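Please read all numbers here as calculations on a predicted model, not as lab measurements.
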Amino acid sequence: QVQLVESGGGLVQAGGSLRLSCVVSGRPFDNYAMGWFRQAPGKEREFVSTITYNGGNTYYADSVKGRFTISRDNAKNTVYLQMSNLKSEDTAVYYCAADRLTRRTVRLKATDVSSWGQGTQVTVSS
């Protein structure tokens, strides 16, 4: 059974930084693309970022491009989301996501995800 465990959320002032981590267990980590999604209160879950299975390509939502960086450490079965210059509109629950198919190099959609983390709250105060 695949498990995704996130950490690193919290309360930060606007302009600050946070790094989210997601540790994956239960299947070969380096065969799958990974992503981050987020959901703000009263809104639908939205795409934030994807990193391909080999780390060769990354994708970002326009709203976070230039401020967020996704990376992965296949030796640690971990994917990261470094968030900088945070804004109040970044406030949301952030979810780690694992692709359902192997070795893909596409930007993940929610329908591509086979496993989700439990979510970690990020709150940005203005």
With a 4.5 Å heavy-atom cut-off, do [X] and [Y] have their side chains touching?
X	Y	answer
Phe68	Gln82	no
Val79	Ile70	yes
Ser49	Tyr59	no
Tyr60	Thr50	no

Kindly state each residue pair satisfying salt bridge (Lys or Arg N to Asp or Glu O under 4.0 Å) with at least one member in [range], sequence neighbours excluded.
range	result
residues 72-82	none
residues 51-62	Asp62-Lys65
residues 81-94	Arg38-Asp90, Arg67-Asp90

Under the side-chain hydrogen bond (donor to acceptor under 3.5 Å, both in side chains) test, which residues partner [X], sequence neighbours left out?
X	result
Gln3	none
Asp30	none
Thr52	Asn54
Ser7	none

Exercise. Excluding sequence neighbours, so at least two apart, what forms ring-ring contact (aromatic ring centres under 6.0 Å, His included) with Tyr80?
Worked result: none
For this session: Can you see which heavy atom on Val48 is nearest to which on Val64, and at what distance?
Result: O-CG2, 3.7 Å
Only distances under 3.5 Å count here; give the side-chain donor-acceptor pairs of residues 101-108 to other protein atoms, sequence neighbours excluded, each with its distance to 0.1 Å.
from   : atom 1 : to     : atom 2 : distance (Å)
Arg103 : NH2    : Asn31  : OD1    : 3.3
Arg104 : NE     : Asp99  : OD2    : 3.0
Arg104 : NH2    : Asp99  : OD1    : 2.8
Arg104 : NH2    : Asp112 : OD1    : 3.3

Problem set entry | Where at least one partner belongs to residues 107-126, residue pairs that pass ring-ring contact (aromatic ring centres under 6.0 Å, His included), sequence neighbours excluded | Phe37-Trp116
Problem set entry | side-chain contact (heavy atoms from CB on, under 4.5 Å) partners for Thr120, two or more places apart | Glu6, Leu20, Tyr94
Exercise. How would you list, by chain and number, every residue that makes a salt bridge (charged side-chain N to carboxylate O under 4.0 Å, His left out) with Lys43, sequence neighbours excluded?
Worked result: none
